[in-house]
There are 4 protein chains.
Amino acid sequence: MSADTAPQVAPYPALWGRIAASLARQGMSQAMGVRLLRAEPGCVELALPYSDKVTQQQLGFHGGATGMLADIAGGYAALTLAHEGLEVTTVEYKINFLAAFKEGELRATGTVVRAGKRVTVATVEVLHVDAQGRSSPCALMQQTLTTVSASA
Amino acid sequence: MSADTAPQVAPYPALWGRIAASLARQGMSQAMGVRLLRAEPGCVELALPYSDKVTQQQLGFHGGATGMLADIAGGYAALTLAHEGLEVTTVEYKINFLAAFKEGELRATGTVVRAGKRVTVATVEVLHVDAQGRSSPCALMQQTLTTVSASA
Amino acid sequence: MSADTAPQVAPYPALWGRIAASLARQGMSQAMGVRLLRAEPGCVELALPYSDKVTQQQLGFHGGATGMLADIAGGYAALTLAHEGLEVTTVEYKINFLAAFKEGELRATGTVVRAGKRVTVATVEVLHVDAQGRSSPCALMQQTLTTVSASA
Amino acid sequence: MSADTAPQVAPYPALWGRIAASLARQGMSQAMGVRLLRAEPGCVELALPYSDKVTQQQLGFHGGATGMLADIAGGYAALTLAHEGLEVTTVEYKINFLAAFKEGELRATGTVVRAGKRVTVATVEVLHVDAQGRSSPCALMQQTLTTVSASA
């Protein structure tokens, strides 16, 4: 599935299009193979498949890849609630790594907890899904974001 | 400079070798182009050059790349103080993004604040260095790590 | 209700007793008026009433009071899953303040997300409850804890 | 020394007066016995003496007291750089606890790392000082703040 093509069942096609278009402009997401799975008001889910571009020294998913995926998921969750013409910037985040995984893929679901004029707070759950489809907790993020005009 | 070759001036060649060898096994660091600049007891510095593999949607360095670089720098700073045969795992980190940058490179310096039996705490400063060599604050991380046996 | 008396409906009287006895030994909690509301495996709820001992300079609840309450709730949530004879220590936490409140009381519910041998992760939601019983989000914490022998 | 009286050596008496006046309005700080030690542009130091109002269940300083002290020190460090008529609000913070202490006092030094239009970032070091004047690292905080009009 192309990143800029909404799945037939996408319930919010305009949101999907906005997020998918932004994701397609991220060189890092494209290089890593990040895919959009879900875009709803206040909630975005992304996937990152295992490959030799996302590993640490013991061949598990790199914490940097996990953090990147979670940061993007939370940022786009905030973007779904921002007016057109605004961009979302991460002020800071904190992530706990719960377990290490090889193979399969990571799925990060970002959810907005509070959308304010200046500050938005999101939480992101990252699960690992193995080849048999079994999912396990991988990481947990709490994130602070702000909106800026897109030209900034 | 090859990642597994200590610079002629490296004051701690064994530490350099240990960190460089570990870094060379990280698929993600290799894919992104992370380079080791310094390895001393309790302190490691890394660089990440700008490329289309590390950008976000506005063509600046991706926060995910910044977070990855800082996480690795802090982790290796902790590793310099861990006994041979132990690996270091990130329990969690928190990162503030101070400013966005294009071009040039990021440099992350991880420093151990407290090395305990169970828990190590590090801070990481990330600077941006432009083509003229001017450096500017980019991000700040506070990180918690633990040591595990390398076979774990 | 006395802090060391389980409510008639307390479903886990032994847990209640353990947490209440620990809380009663905390000089700070006693000085602030913290009350135990719920103690279940992996989940503890506490309340902090408004008074002139918990205010900041604009007479709202002090962030320090909110942080203290959340830290205790998460710590005791972890303690409910720790073997007898072990104590729980906070390694670190991160808290977002969502809104400021006067009067009424704060209620913090700590929930264990992952209980590991070395590291436990909890999240804590803090709500404000006003005189009419209406509750509003106040703060959100993500916390890392470890267990130590009680004599340590 | 009264909280609203600058020491004879205070190099920034107007800053000292502004911070001391705000601190005197904080019910919680007054109840705990927080004292102002230093107020300079971008840097504030506070002290909290040991008493039965600041203890946890093992009679050490309560993490809630440590967190409160650090939060205030960072907040006032930010306030030293804010225009008159503005207040500073903590968006979030993250704190690592490095060691536990009884007796003596805690000293928290907040330092502004970046003062922005919307977002200010501070770090806070908390030391324990014993009766002989020996100081030891106690906690480390990284904090995000924002300015609001004082009437908000």
Side-chain angles (χ1 to χ4, degrees), chain C residues 18-19 21-32 34 48 50-76 79 87-100 139-146 148 150-152, chain D residues 18-19 21-32 34 48 50-76 79 87-100 139-146 148 150-152:
Chain C
R18 184 180 184 188
I19 305 302
S22 178
L23 187 64
R25 290 196 304 271
Q26 294 194 346
M28 187 170 186
S29 297
Q30 297 306 303
M32 301 275 113
V34 175
L48 175 68
Y50 185 79
S51 78
D52 60 8
K53 291 176 188 161
V54 300
T55 54
Q56 28 83 309
Q57 66 272 25
Q58 298 180 299
L59 304 187
F61 275 97
H62 200 293
T66 311
M68 173 200 71
L69 190 73
D71 182 25
I72 303 174
Y76 282 149
L79 189 62
E87 283 280 346
V88 165
T89 293
T90 303
V91 172
E92 63 81 42
Y93 65 75
K94 177 256 205 291
I95 184 167
N96 276 81
F97 297 98
L98 305 178
L140 188 64
M141 178 180 282
Q142 190 169 317
Q143 185 186 31
T144 309
L145 308 114
T146 191
V148 294
S151 57
Chain D
R18 184 180 184 188
I19 305 301
S22 179
L23 187 63
R25 290 197 303 271
Q26 293 195 348
M28 188 170 186
S29 296
Q30 297 307 302
M32 302 275 113
V34 175
L48 175 68
Y50 185 78
S51 77
D52 60 8
K53 290 177 187 161
V54 300
T55 55
Q56 29 83 309
Q57 66 272 26
Q58 298 179 300
L59 303 187
F61 275 97
H62 199 293
T66 312
M68 174 201 70
L69 190 72
D71 181 26
I72 302 174
Y76 283 148
L79 189 62
E87 284 280 343
V88 165
T89 294
T90 303
V91 172
E92 62 82 43
Y93 65 74
K94 178 257 204 290
I95 184 168
N96 276 81
F97 298 98
L98 305 177
L140 189 64
M141 178 180 282
Q142 190 169 318
Q143 185 186 31
T144 309
L145 308 113
T146 193
V148 293
S151 57

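None of these values were measured; they are calculated from a predicted model. Letters A, B, ... mirror the listed sequences (proteins, then strands); counts begin at 1.
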**Request:** Would you please test Asn96(D) and Lys94(D) for side-chain contact (heavy atoms from CB on, under 4.5 Å) and show each step?
**Result:** CA-CA 7 Å; Asn96(D) 276 81; Lys94(D) 178 257 204 290; 2.8 Å; yes
**Item:** Choice from Ser51(D), Ala65(D), Gly75(D) maximising heavy atom contacts with chain C below 4.5 Å
**Value:** Ala65(D)
**Fill in**
In terms of heavy-atom pairs under 4.5 Å with chain C, the winner among Asp52(D), Val91(D), Asp71(D), Ile95(D) is Ile95(D)
**Complete:** All heavy atoms of Gln56(C) vs all of Gln58(C), minimum pair found to be OE1-N, 2.8 Å
**Request:** Give the minimum heavy-atom separation between His62(C) and Met68(D), together with the two atoms involved.
**Result:** CE1-CG, 4.0 Å
**Asked** By a 4.5 Å heavy-atom criterion (distance strictly below it), what part of Leu98(C) contacts chain D: side chain, backbone, both, or neither?
**Response** neither
**Prompt:** So which part of Met141(C) gets closer than 4.5 Å to some heavy atom of chain D, the side chain, the backbone, both or neither?
**Reply:** neither
**Request:** Could you pull out all residues at least two apart from Phe97(C) that satisfy ring pair (Phe, Tyr, Trp, His ring centres under 6.0 Å)?
**Result:** Tyr93(D)
**Item:** Contacting moiety of Leu69(D), where chain C heavy atoms sit under 4.5 Å
**Value:** neither
**Message:** Run the side chain to side chain donor-acceptor pair (under 3.5 Å) test against Ser29(D) and tell me which residues pass, sequence neighbours left out.
**Reply:** Gln26(D)
